[in-house]
**Q** 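Questions regarding the structure given below will be posed in turn.
Model, not experiment: these values are computed from the prediction. Numbering of residues begins at 1 and proceeds along the displayed sequence.
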Amino acid sequence: MKREISNDAIAALCLELSMLLHAGVGMGDGLALMSQEGSAQHQEMLNDMANQVDLGQPLSAAMRDSGCFPAYVVGLVEVGEQAGKVEEALRSLSTYYEERSRMDRRVRSALLYPAVMLALMLVVITVLLVRVLPIFNDVYASLGGSLTGVAGGLLAIGRGLDAAMPVLLVLLALAVAFFILYSTLSGFRAKVSSLWKSRRGDKGVSRRLNTARVAQALAMGMASGLPMEEAVDLAGGLMSDVPAAQARCQDCRSKLDAGESISSAMRESGLLPAAQCRLLELGQRSGAGDSAMEKIARDLAEESEAALEDRISRVEPALVLVCSLLVGLILLSVMLPLMNIMAAIG
């Protein structure tokens with residue numbers, strides 16, 4: 001089975017192909033031209049697709065046979081072919097996957113710095129407990145005393161950590177190996193992400209990010225000429241990696257099939273917030289449903305990014321504060337008694 005291409009590659013390929021179609025270039029000729037001027041890793045795939053299109057196959061079938069495109073891309077292109085809006089479908093796909101790739105990069109960069117900071121703080125505190133406190137204890141012993149109270153408790157913790165250091169080093173090695181595998185192996189990363197999304201992938205900020213993805217998918221489907229029911233189905237297919245979000249799409253579709261209005265179905269199923277549902281309803285009544293959904297998707301994407309940045313901005317000061325308090329507690333617990341002893345000696 002061939003490996004699916006990245007979101008950036010999907011966005012670039014769809015944009016280039018839509019521009020060629022807009023310029024009047026045939027589908028097969030456009031794919032052949034892209035294979036000649038594109039990256040080496042995609043040349044074989046594009047050549048095979050161009051040959052299939054020249055033999056009479058539709059673009060969606062060529063994409064499906066290549067095994068390199070997600071089912072959602074193939075499905076939306078197929079819908080565009082049926083509606084005579086392939087160019088619009090490709091342009092919508094390009095915009096969506098470009099936004100999704102940008103969001104993924106922002107999430108990774110936002111989480112990397114706090115994770116590194118937390119690791120460094122743990123290292124500093126461990127060194128203080130395991131290496132520094134025993135030195136102070138030796139100083140107290142030479143003066144005829146010993147660490148007691150909070151300092152004594154911290155010293156006991158440090159000795160426990162020192163005794164368990166072989167186990168901690170093994171755990172650290174496993175953690176490093178996990179992060180290396182997660183960063184380098186896409187299959188392993190996909191399994192871990194899928195497991196996390198199935199358990200915690202639709203709560204808190206993640207739910208807001210999922211809602212933004214659903215809105216972008218709905219806007220893309222409507223721009224390609226889909227009725228709302230089919231756009232909801234396609235959005236549900238896109239959210240297959242988050243079962244809770246997919247269930248919301250299915251619930252919305254069932255309510256639409258039962259005859260409820262679009263606004264009511266989306267609000268009751270939790271697919272979109274109430275304010276956005278009202279905006280979409282107004283857009284549908286005025287004949288500008290596509291534009292309204294595009295605005296909703298854009299607003300929700302901005303709000304979800306702001307919520308993520310706000311959450312991260314709270315984590316960093318909290319980590320600094322906790323680390324400062326712990327380091328200060330460790331130092332004060334050993335320095336104050338030492339100062340008393342030195343004052344008594346003086």
Side-chain angles (χ1 to χ4, degrees), residues 60 70-97 99-100 103 197 201-307:
S60 59
Y72 188 76
V73 175
V74 177
L76 193 64
V77 170
E78 186 173 8
V79 170
E81 290 170 344
Q82 296 172 358
K85 296 185 176 181
V86 178
E87 181 184 336
E88 290 82 353
L90 290 170
R91 190 178 298 112
S92 298
L93 284 168
S94 174
T95 301
Y96 171 76
Y97 277 97
E99 289 293 325
R100 182 172 177 180
M103 175 65 74
K197 289 178 179 179
D202 199 45
K203 298 180 180 180
V205 176
S206 296
R207 183 183 179 94
R208 302 184 71 168
L209 293 171
N210 292 334
T211 300
R213 285 179 59 190
V214 169
Q216 290 172 342
L218 292 175
M220 184 168 50
M222 293 175 66
S224 302
L226 285 179
M228 182 57 70
E229 292 81 2
E230 295 184 20
V232 171
D233 283 341
L234 281 177
L238 179 65
M239 303 303 296
S240 59
D241 57 340
V242 187
Q246 187 179 39
R248 285 191 281 141
C249 294
Q250 294 171 348
D251 184 36
C252 180
R253 176 58 195 265
S254 65
K255 292 182 184 302
L256 290 173
D257 291 339
E260 293 190 25
S261 65
I262 293 175
S263 175
S264 175
M266 290 190 172
R267 183 177 61 254
E268 293 179 4
S269 63
L271 196 62
L272 292 178
Q276 277 70 27
C277 291
R278 289 193 297 270
L279 178 59
L280 178 59
E281 185 176 13
L282 292 174
Q284 293 277 20
R285 290 179 179 178
S286 62
D290 297 357
S291 301
M293 182 53 72
E294 289 180 5
K295 175 174 173 52
I296 290 171
R298 185 168 55 253
D299 291 345
L300 289 177
E302 293 175 356
E303 291 176 5
S304 61
E305 291 178 13

**Q** Please list every donor-acceptor pair under 3.5 Å in which a side-chain atom of residues 271-282 meets a protein atom from a residue at least two apart or in another chain.
**A**
{"unit_1": "E281", "atom_1": "OE1", "unit_2": "S263", "atom_2": "OG", "d": "3.3"}
{"unit_1": "E281", "atom_1": "OE2", "unit_2": "R285", "atom_2": "NH2", "d": "2.9"}

**Q** Minimum heavy-atom separation for E230 and R253, please, with both atom names.
**A** N-NH1, 4.3 Å
**Q** What is the minimum heavy-atom distance between C252 and S269, and which atoms define it?
**A** CB-OG, 3.4 Å
**Q** Roughly how far, to the nearest 0.5 Å, is the CD1 atom of I296 from the CD atom of E303?
**A** 10.5 Å
**Q** Do NZ/NE/NH1/NH2 and the carboxylate oxygens of E302 and R298 come within less than 4.0 Å?
**A** no
**Q** Return yes if some donor-acceptor pair links the side-chain N/O of E81 with the main-chain N/O of S60 below 3.5 Å, else return no.
**A** yes
**Q** For the atom pair CE (M266) and CG (D251), what is the distance rounded to the nearest 0.5 Å?
**A** 12.0 Å
**Q** Show the nearest heavy-atom pair for residues A212 and S304, with the distance to one decimal.
**A** CB-OG, 3.8 Å
**Q** Taking C-beta and beyond as the side chain, do R267 and K255 meet within less than 4.5 Å on heavy atoms?
**A** no
**Q** Do you know which two heavy atoms are closest between A265 and L256, and how far apart they sit?
**A** CB-CD2, 3.7 Å
**Q** Under 4.5 Å between any side-chain heavy atoms of E229 and I262, yes or no?
**A**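 Of all side-chain heavy-atom pairs linking I262 with E229, none is under 4.5 Å.
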**Q** Rounded to the nearest 0.5 Å, how far apart are OG1 of T95 and CG of L90?
**A**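 Between T95 OG1 and L90 CG, I get 11.0 Å after rounding to 0.5 Å.
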**Q** Please identify each residue that fulfils salt bridge (Lys or Arg N to Asp or Glu O under 4.0 Å) with E260, with sequence neighbours left out.
**A**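 Testing E260 for salt bridge (Lys or Arg N to Asp or Glu O under 4.0 Å), a comparison that skips the adjacent residues, returns none.
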**Q** Using atom types as modelled and distance alone, determine if a side-chain donor or acceptor of S291 lies under 3.5 Å from a backbone N or O of A288.
**A**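 Not confirmed, S291 side chain does not pair with A288 backbone.
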**Q** Within a strict 4.5 Å, meaning less than it, do heavy atoms of the C249 and V214 side chains meet?
**A** yes
